[in-house]
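Some notes on the structure that comes next.
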Protein chains: 2
Amino acid sequence: MAIDNATDPAAPPGLRERKKQRTRNTLIRCALELFTAKGYEATTVDEIAAAADVSQRTFFRYFANKEEVALSLQAVEEEYALAALLARPAAEGPLTAVRNGATASWGPIRRAIAEVVPVTLHLRMQRVIESTPQLLAARLRRLGALEERLAAELARREGLDPALDPRPRVLVAACCGVMRAAARVWSEDENAGLDDLVELMTRHLDQLAPALADDWRTGR
Amino acid sequence: MAIDNATDPAAPPGLRERKKQRTRNTLIRCALELFTAKGYEATTVDEIAAAADVSQRTFFRYFANKEEVALSLQAVEEEYALAALLARPAAEGPLTAVRNGATASWGPIRRAIAEVVPVTLHLRMQRVIESTPQLLAARLRRLGALEERLAAELARREGLDPALDPRPRVLVAACCGVMRAAARVWSEDENAGLDDLVELMTRHLDQLAPALADDWRTGR
DNA sequence: GAGATTATGGCAGCCGCTGACAATTGACAA
DNA sequence: TTGTCAATTGTCAGCGGCTGCCATAATCTC
């Protein structure tokens, strides 16, 4: 029996598969360029399809809707974020693992993104997402789903039943909420780069414990 | 000069204003009944308009889109939540104020909702929102906007510059994240009531500090 | 009650999105 | 190489969300 590309993911991809991947990347790049140039809502799916030289129907075979192409690189980020937590040594405590996972994920994320589009385009797109209500909403929902997966992993690490102990959920929810707040602040500065985002997030995470103290005056 | 309804909000509403309010409430009630009966996506704006006995065009004069009518009661909740924080005495610390504001808001919220639709309908709708991707996304975005307002109020209470000190944002983000996690868990139990939701939220909030401890074993 | 204001309905039309069918292209084996 | 099968694509028709436009009808003001 010859190599079965359908079942063996390690097999070298055939022409068909490579072509599909190329079409998909082209669609993403064209879409992000149009979105960042003239805005998300002002960009038509027909325009994206035309720019990528496929029919509108084909676009919808690659992406379920216009949102999905806009957030396709965020989906990549999410996978790497989860993988980063899975890679933390078991010796690390929950909070430390979440924190170290977050900081360690940015390198791989940057490289993976760069394979598809220029990183600067992706950064500009982040701001479009943050300032487009529909996109921001969809992004927050995805982050919610990611939270669930992170919490499940945390519960597994600590040997807890996620249905009973709320601490994994609580910790993840708190950290993700804080990081989102950092991202919101970051997106308001047009010139901030990826490193600035990472630094802002860690600074915000460091404020978590102090912020929970019920008297903010004692600390200073 | 007679009473000027356009500029004096305290003036008794005329026939026109009362009729508008009635139409709006009817639209909300019809929409929620249809959404809970046959699902959000399966319900057409034409059907809602027909049930409320207005034209589709009129529906869109009351609500910017189908999402808005689905989340109109959540918008009410948000206003009361903010008002509850504003009403906390200045002596309370930030965390205490957030916590007490949250618990104190539920009474007024329940009463305000009951003026428009039966509370059970609203509770059923909460679960539809939680299980409908598009609605959940929109709700999370609104909560994000609420977070900003809450953080701004917290900064004002403590006399801080919200642009400089991240603690208001961090505290609000953490608490809101935790409460959202509670709401997600709650919505999975078909028979849980409003009181159960409140109790679950406070239980989750109480877990915030323990969850941040980096060793979960010491505590038990 | 006349005239100004405002709410409503009907219509045409754009855009996001989907199902169905036919045509094309790549994969695999005889 | 060629024939067959499966996957990919384009075209077309159509639905639902949503908007601008204009005419009509209901309220409000004097």
Side-chain angles (χ1 to χ4, degrees), chain A residues 1-8 11-27 30-31 34-35 38-72 132-135 137-138, chain B residues 1-8 11-27 30-31 34-35 38-72 132-135 137-138:
Chain A
M1 184 171 101
I3 300 167
D4 188 338
N5 279 327
T7 57
D8 183 358
L15 171 59
R16 195 169 245 166
E17 203 56 36
R18 275 180 287 135
K19 214 168 171 181
K20 259 172 63 179
Q21 196 55 52
R22 197 151 42 87
T23 304
R24 191 184 141 87
N25 286 352
T26 305
L27 279 170
C30 292
L34 284 166
F35 291 157
K38 45 184 285 193
Y40 174 75
E41 285 157 10
T43 301
T44 292
V45 172
D46 282 308
E47 291 172 331
I48 302 170
D53 204 39
V54 296
S55 73
Q56 187 223 46
R57 194 65 184 84
T58 294
F59 172 92
F60 281 113
R61 287 198 177 95
Y62 280 86
F63 302 97
N65 44 51
K66 206 170 84 166
E67 273 175 23
E68 195 172 302
V69 68
L71 297 177
S72 51
T132 304
Q134 189 188 152
L135 287 183
Chain B
M1 185 172 97
I3 300 165
D4 188 337
N5 281 327
T7 56
D8 183 358
L15 170 59
R16 191 172 249 163
E17 204 56 38
R18 274 180 288 137
K19 214 168 172 180
K20 261 172 65 179
Q21 197 55 51
R22 198 150 43 88
T23 303
R24 192 184 141 86
N25 287 352
T26 304
L27 278 170
C30 293
L34 285 166
F35 291 157
K38 44 184 284 190
Y40 174 74
E41 285 156 13
T43 302
T44 291
V45 173
D46 282 308
E47 292 172 330
I48 302 170
D53 204 40
V54 297
S55 73
Q56 189 223 46
R57 193 65 186 85
T58 294
F59 172 91
F60 282 112
R61 288 202 177 92
Y62 279 87
F63 302 97
N65 45 50
K66 207 169 84 164
E67 273 175 24
E68 195 172 302
V69 68
L71 298 176
S72 52
T132 304
Q134 192 190 149
L135 287 183

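Quick note on labels: first sequence line is chain A, next is B, and so on, each numbered from 1.
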Between protein and nucleotides 25-27 of chain D, what N or O pairs are separated by less than 3.5 Å?
| from | atom 1 | to | atom 2 | distance (Å) |
| --- | --- | --- | --- | --- |
| D/dA26 | O3' | B/Lys19 | NZ | 3.3 |
| D/dT27 | OP1 | B/Lys19 | NZ | 2.6 |
| D/dT27 | O3' | B/Arg16 | N | 3.3 |
| D/dT27 | O2 | B/Arg16 | NH2 | 3.0 |

Could you list by number each residue of residues 46-54 of chain A showing a heavy-atom separation from DNA chain C of less than 4.0 Å, or answer none if no residue does?
-> none

Write down the atom of A/Ile48, the atom of A/Ala31, and the distance for their closest heavy-atom approach.
-> CG2-CB, 3.8 Å

Starting from P on D/dT8, measure out to CD on A/Gln21 and report it in whole angstrom.
-> 12 Å

Nucleotide-level pairing of DNA chain C, given in dot-bracket where Watson-Crick and G-U pairs need both distances under 3.5 Å and | marks other strands = ||||||||||||||||||||||||||||||

Output yes when a side-chain donor or acceptor of A/Thr58 lies under 3.5 Å from a complementary backbone atom of A/Val54, and no otherwise.
-> no

CG-CZ distance between B/Leu27 and B/Phe63, expressed to the nearest 0.5 angstrom = 5.5 Å

Residues two or more places apart in sequence or in another chain: which of them pass side-chain hydrogen bond (donor to acceptor under 3.5 Å, both in side chains) with A/Glu47?
-> A/Lys38

Between C/dC17 (C1') and B/Glu41 (CD): distance, integer Å = 12 Å

Specify the residues of residues 59-69 of chain A, ordered by number, for which at least one heavy atom lies under 4.0 angstrom from an atom of DNA chain D.
-> A/Arg61, A/Tyr62

Contact check, side chains of A/Arg24 and A/Gln21, non-hydrogen atoms, under 4.5 Å | yes

Taken to the nearest 0.5 Å, the spacing of B/Lys20 NZ from B/Asn25 CG works out to 13.0 Å

Kindly state each residue pair satisfying side-chain hydrogen bond (donor to acceptor under 3.5 Å, both in side chains) with at least one member in residues 60-72 of chain B, sequence neighbours excluded.
-> none

Side-chain touch A/Phe59/A/Val69, heavy atoms, less than 4.5 angstrom | yes

Verdict with reasoning, B/Phe60 to B/Val45, per side chain to side chain contact (heavy atoms under 4.5 Å, CB included) | CA-CA 9 Å; B/Phe60 282 112; B/Val45 173; 3.8 Å; yes

Would you mind reading off the distance between B/Gln134 atom CD and C/dG16 atom P, rounded to a whole angstrom?
-> 14 Å

Look at the side chain of A/Arg57 and decide which nucleotide, out of D/dC12, D/dG16, C/dG10, has an atom nearest to it.
-> D/dC12

The reported gap from OG1 in B/Thr132 to CZ in B/Phe35 (rounded to nearest 0.5 angstrom) is 9.0 Å

5'-most by nearest nucleotide on DNA chain D - B/Thr43 or A/Ser55 = A/Ser55

Is any side-chain N or O of B/Thr58 closer than 4.0 Å to OP1 or OP2 of C/dG9?
-> yes

Give the rounded distance in Å between these two atoms: CD of A/Gln56 and C1' of D/dA13.
-> 13 Å

